[in-house]
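Below is one structure, written out as structure tokens; the observations come after it.
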Amino acid sequence: MNRDTALAIAMAAKESDVLELKTLMQLLHQWAGSHLDEKLKDLEAESLLQAAKSLKLESTMPSSVALAQLAFNLRAQVCEQLKTKYNDKKSLRIALASNSADKLDGHFGSCDRFLIYTVSADEAYLEQLRCVEEPVAGEDQSLKRAKLISDCQLLYVLSIGGPAAAKVIRSGIHPIKKTQACAAPELITQLQAVLQDGAPPWLAKQLSQGKENRVRFKRALTEEVG
């Protein structure tokens, strides 16, 4: 394990404060073996639970929500070290409306947080978990939420109203409505397939792709927002 990985684990453990560092290290080594440096960016709460079962430590584990948060923190810490790896890639930032773990399972106007991922055609990483603050009387909640993710190009939701969608679009974000909840990795795989095939016109400029790749079907990526 290199120094950056060790620092990332220590920082994530301190921030989450749900597992002792020694126990966390046991779980990580049980899960990843000698490939911890490479695998940490793919860590999920389920990974920690399976490792705990193998070590017969499941009775000492915190709640699944706490483990999901720990996994998020670990991936985010590791990705701070990996960001330079993406500087030369054609990548984009996406937001997922979420209420639990690493899932797209929220409505734009009521979700607890947004998962922010950086995605390229062949790689992806969780960049941030942005929690939505309690509403303030008289404040435009849709606009507030749009500002929270204003540095993203895409927004995935289960539902979004017409006026809210208009505010999101005016913020330079393309909303994408999915009909069913799904895990973030599943959604990202679908998006990467489209990126590998060539981005649609409304993404080509941000990805700096050539003119020949700009004639693409929006339907491959999006459903009608209503």
Side-chain angles (χ1 to χ4, degrees), residues 15-16 65-66 68-73 75-77 79-80 83 86 90-120 124-188 190-192 194-195 199-208 214 216-226:
E15 182 178 346
S16 299
V65 173
Q69 183 65 64
L70 174 57
F72 275 130
N73 289 344
R75 293 203 303 265
Q77 289 287 348
C79 289
E80 285 297 323
K83 281 183 181 179
Y86 288 79
K90 295 173 182 176
S91 61
L92 57 116
R93 185 178 285 118
I94 68 173
L96 280 64
S98 177
N99 292 313
S100 60
D102 62 344
K103 294 180 179 179
L104 165 66
D105 60 357
H107 302 265
F108 177 72
S110 62
C111 66
D112 294 332
R113 70 271 183 92
F114 294 97
L115 311 181
I116 310 300
Y117 282 86
T118 293
V119 182
S120 70
Y125 70 90
L126 177 71
E127 187 171 328
Q128 284 182 317
L129 181 105
R130 297 180 187 170
C131 295
V132 179
E133 295 179 356
E134 288 294 320
V136 177
E139 192 172 27
D140 188 328
Q141 295 304 310
S142 294
L143 185 58
K144 181 179 179 180
R145 286 170 179 258
K147 287 181 178 178
L148 183 63
I149 57 171
S150 60
D151 56 343
C152 298
Q153 287 82 37
L154 301 181
L155 164 66
Y156 286 90
V157 296
L158 289 186
S159 178
I160 184 171
K167 292 171 184 176
V168 167
I169 292 169
R170 280 198 294 271
S171 297
I173 309 162
H174 188 89
I176 301 170
K177 187 170 69 174
K178 306 298 287 185
T179 58
Q180 293 183 334
C182 65
E186 176 184 340
L187 184 149
I188 288 170
Q190 295 171 1
L191 175 58
Q192 287 177 319
V194 175
L195 295 178
W202 48 277
L203 277 181
K205 184 176 180 180
Q206 284 133 326
L207 293 171
S208 302
R214 296 189 182 186
R216 285 289 162 189
F217 42 88
K218 258 188 196 181
R219 279 172 258 159
L221 187 58
T222 69
E223 300 172 12
E224 183 180 359
V225 175

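Throughout, numbering of the chain's residues begins at 1 and tracks the sequence.
Screening residues 95-116 for salt bridge (charged side-chain N to carboxylate O under 4.0 Å, His left out) gives no qualifying pairs among residues at least two apart or on separate chains. Listed by first then second residue, pairs satisfying salt bridge (charged side-chain N to carboxylate O under 4.0 Å, His left out) with a partner in residues 149-161 read Arg93-Asp151, Arg130-Asp151, not counting sequence neighbours.
Although no hydrogens or angles enter the test, the distance criterion places no donor-acceptor pair under 3.5 Å between the side chain of Gln153 and the main chain of Ile173.
Among all heavy-atom pairs drawn from Ala181 and Leu158, the shortest one is N-CD2, 3.7 Å. For the residue pair Pro175 and Ile169, the shortest heavy atom distance occurs at CD-CG1, 3.5 Å. Heavy-atom minimum distance, Ser110 versus Asn99: O-OD1, 4.2 Å. Closest approach of Ile116 and Ala95 over heavy atoms only: CD1-CB, 3.7 Å.
Summarising the geometry, atom CG belonging to Leu187 is positioned 10.0 Å from atom CD belonging to Gln192; distances are rounded to the nearest 0.5 Å. Atom CD1 of Ile188 is separated from atom CG of Leu96 by 6.5 Å, given to the nearest 0.5 angstrom. With values rounded to the nearest 0.5 angstrom, Tyr117 atom OH is found 8.0 Å from Ile94 atom CD1. Atoms CZ and OG, from Phe72 and Ser98 in turn, are 6.0 Å apart once rounded to the nearest 0.5 Å.
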Scan the side chains in residues 143-150 for donor-acceptor partners under 3.5 Å anywhere in the protein, sequence neighbours excluded, and list what turns up.
residue : atom : partner : partner atom : Å
Lys144  : NZ   : Glu139  : OE1          : 3.4
Arg145  : NH1  : Phe108  : O            : 2.8
Arg145  : NH1  : Cys111  : O            : 3.1
Arg145  : NH2  : Gly109  : O            : 3.4
Arg145  : NH2  : Cys111  : O            : 3.3
Ser150  : OG   : Lys147  : O            : 3.1

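For the pair Val168 and Val157, the minimum side-chain heavy-atom distance is 4.5 Å or more. Between Leu92 and Thr118, every side-chain heavy-atom pair lies at or beyond the 4.5 Å cut-off.
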request  = Take Glu186 and Leu104 through the side chain to side chain contact (heavy atoms under 4.5 Å, CB included) test and state the conclusion after the steps.
outcome  = CA-CA 10 Å; Glu186 176 184 340; Leu104 165 66; over 6 Å; no

